[in-house]
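A, B, ... follow the sequence lines: proteins, then strands. Residue 1 opens every chain.
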Number of protein chains: 2
Amino acid sequence: MNEQDPLLEELTQASREVYAAVDLVEDQIAKMLGIHRSDLRCLNILENGPQSASEIGRRANLTSGSVTALVDRLERVGLVERHRSSTDRRSVLVNIPDRSYPRVDALYSQVGRAIKESFQSADPAGLQVATEVLRTFAAACHNAQNRIEESKTPTDQ
Amino acid sequence: MNEQDPLLEELTQASREVYAAVDLVEDQIAKMLGIHRSDLRCLNILENGPQSASEIGRRANLTSGSVTALVDRLERVGLVERHRSSTDRRSVLVNIPDRSYPRVDALYSQVGRAIKESFQSADPAGLQVATEVLRTFAAACHNAQNRIEESKTPTDQ
DNA sequence: ATTGATCATAAAGATTCTTGACGGTCAAGT
DNA sequence: ACTTGACCGTCAAGAATCTTTATGATCAAT
């Protein structure tokens with residue numbers, strides 16, 4: 001497993017650095033917002049549009065009980081709203097009201113600014129390449145996540 | 001704030017996707033190892049060599065009490081070792097013993113494999129570019145983290 | 001109308017994190 | 001040598017989150 005292309009090894013090493021760095025930044029952002037890590041994850045999910053509580057749980061890897069408490073917290077600080085679904089009266093749709101977006105974006109913009117600065121020396125072509133690399137990387141993460149989910153040899157001690 | 005270069009906006013958008021994806025993968029990996037998220041963060045930190053408990057706390061954003069409990073957990077499952085420092089008898093050095101590395105690497109290798117697959121179509125030059133992009137990205141995250149740390153306008157509600 | 005599944009919620013128990021207090025150790029100054 | 005102040009790691013108590021389990025409401029299918 002270590003007789004690999006050294007360039008690929010460099011790449012995986014770099015990806016490890018990304019994991020660690022992202023982990024810490026997200027932690028910091030959550031603290032800035034005064035919310036929990038899972039809450040921030042939920043907000044990230046809701047950026048793609050309103051979601052039902054059960055869907056949030058599926059995507060965030062949380063049980064239904066946790067989601068209820070989580071939405072309670074976010075609702076309490078006014079970051080999200082709860083609405084009953086019109087098509088399924090069991091379901092609850094959670095969304096980020098327009099007035100809350102500035103609060104969320106303000107934090108990510110801090111990181112966004114650092115990103116822009118780091119890449120500002122790149123020419124347009126370089127920016128497009130970087131964007132594509134990051135998208136490919138994110139897709140690979142999702143890929144790996146699904147694979148791990150399936151293999152499910154829990155703990156495996 | 002939205003009158004930006006559209007290419008830069010694309011980049012920040014892609015980075016948001018990376019945050020979300022990494023967050024979920026790390027969560028999954030931690031669950032696979034049967035450890036907590038913070039424990040995995042600690043392991044990531046210890047990959048750079050043995051660290052004192054206080055240093056772990058600083059880097060992981062944890063209080064000293066949390067670090068004690070955290071190292072207890074990791075030690076209990078045999079992933080790390082505690083040794084007293086020879087230069088400062090107050091200090092405790094924590095390290096990953098050689099025999100534990102396979103356990104940690106095995107999990108990241110799952111992700112690593114997905115990464116390699118996603119980028120395997122790239123030529124050598126492309127791989128180097130991707131590696132550099134990821135490293136720049138990680139650096140930008142650290143950068144942003146430090147900046148947020150300083151600005152410290154907590155919660156800011 | 002009935003059955004079984006799904007949805008969101010609530011309560012109880014387990015686990016983690018923070019806070020504050022403690023004893024041991026170090027370094028600097030007297 | 002001794003004292004002072006700071007740092008280090010640990011411990012115990014309290015707050016907060018997550019999971020599990022149980023419950024009522026709603027849906028879809030028979």
Side-chain angles (χ1 to χ4, degrees), chain A residues 23-24 26-43 45-46 50-77 79-95 152 154-155, chain B residues 23-24 26-43 45-46 50-77 79-95 152 154-155:
Chain A
D23 183 32
L24 287 171
E26 291 245 312
D27 213 58
Q28 202 86 4
I29 290 176
K31 273 183 182 135
M32 279 285 291
L33 251 181
I35 63 179
H36 194 266
R37 188 67 183 272
S38 302
D39 303 12
L40 183 60
R41 188 186 305 173
C42 175
L43 290 179
I45 290 172
L46 292 179
Q51 305 286 338
S52 70
S54 57
E55 184 62 25
I56 292 173
R58 262 190 296 275
R59 298 202 192 182
N61 249 314
L62 290 171
T63 61
S64 61
S66 294
V67 174
T68 295
L70 184 157
V71 175
D72 282 346
R73 292 195 298 271
L74 287 177
E75 201 178 28
R76 201 176 306 132
V77 295
L79 282 171
V80 306
E81 288 176 344
R82 243 191 269 245
H83 295 290
R84 293 223 88 89
S85 167
S86 55
T87 61
D88 185 340
R89 276 186 299 172
R90 297 168 300 178
S91 185
V92 166
L93 288 180
V94 184
N95 73 299
K152 280 283 188 213
T155 307
Chain B
D23 183 32
L24 287 170
E26 291 244 312
D27 213 58
Q28 203 87 4
I29 290 177
K31 274 184 180 134
M32 279 285 291
L33 252 181
I35 62 179
H36 193 266
R37 188 67 182 273
S38 301
D39 304 11
L40 182 60
R41 188 186 304 172
C42 174
L43 290 178
I45 291 172
L46 292 179
Q51 303 287 339
S52 69
S54 57
E55 185 61 26
I56 292 173
R58 262 190 296 274
R59 298 202 192 184
N61 249 314
L62 291 171
T63 61
S64 61
S66 294
V67 174
T68 296
L70 184 157
V71 175
D72 283 346
R73 292 194 296 271
L74 288 177
E75 201 177 29
R76 200 175 308 133
V77 296
L79 281 171
V80 305
E81 287 176 345
R82 242 190 269 245
H83 295 290
R84 293 222 87 88
S85 166
S86 55
T87 61
D88 185 341
R89 275 187 298 171
R90 296 169 300 178
S91 185
V92 167
L93 288 181
V94 184
N95 73 299
K152 281 282 190 216
T155 306

Could you tell me how far apart [X] ([atom1]) and [N] ([atom2]) are, to the nearest whole angstrom?
X     : N      : atom1 : atom2 : value
A:I56 : C:dT9  : CD1   : P     : 10 Å
B:Q51 : D:dC8  : CD    : P     : 13 Å
B:R90 : D:dT10 : CZ    : C1'   : 15 Å
A:N61 : D:dT20 : CG    : P     : 12 Å
B:H83 : D:dC8  : NE2   : P     : 20 Å
A:R58 : C:dC7  : CZ    : C1'   : 10 Å
A:D39 : D:dT17 : CG    : C1'   : 9 Å
B:K31 : D:dT17 : NZ    : P     : 17 Å

Using only side-chain N and O atoms of [X], determine if any of them is under 4.0 Å from OP1 or OP2 of [N].
X     : N      : result
A:S54 : C:dT6  : no
B:R89 : C:dC26 : yes
A:S38 : D:dT17 : no
B:S91 : D:dG9  : yes
B:R82 : D:dT10 : yes

Can you identify which nucleotide, out of [options], has its nearest atom closest to the [X] side chain?
X     : options               : result
B:D88 : C:dA8, C:dT25, D:dC11 : C:dT25
B:A53 : C:dC26, D:dG9, C:dA8  : D:dG9
A:V92 : D:dT26, D:dT10, C:dT9 : C:dT9

Which atom of A:V67 lies closest to which atom of A:A53, heavy atoms considered: CG1-O, 3.5 Å
Nearest atoms (heavy-atom pairs only) where A:L70 meets A:S38: CD1-O, 3.7 Å
Check every strand shown and say whether [X] touches a base, only sugar-phosphate, or nothing at a heavy-atom separation below 4.0 Å.
X     : result
A:T68 : base
A:L62 : sugar-phosphate
B:R84 : nothing
A:T63 : base
B:R37 : nothing

Backbone of A:L93 reached by a side-chain donor or acceptor of A:R84 within 3.5 Å: no
Side chain to side chain contact (heavy atoms under 4.5 Å, CB included) between B:R37 and B:D23, worked out: CA-CA 10 Å; B:R37 188 67 182 273; B:D23 183 32; 3.0 Å; yes
Test item: A:L40 and A:I35 side chains (from C-beta on) under 4.5 Å apart, heavy atoms: yes
Toward the 5' end of DNA chain D, by each residue's nearest nucleotide, A:H36 or A:S64: A:H36
Upstream residue (5' side of DNA chain D) when A:T87 and A:L70 are each assigned their closest nucleotide: A:L70
Evaluation steps, salt bridge (charged side-chain N to carboxylate O under 4.0 Å, His left out), between B:D72 and B:R76: CA-CA 6 Å; B:D72 283 346; B:R76 200 175 308 133; 5.2 Å; no
Earlier contact from the 5' end, DNA chain C, for B:G65 and A:V71: A:V71
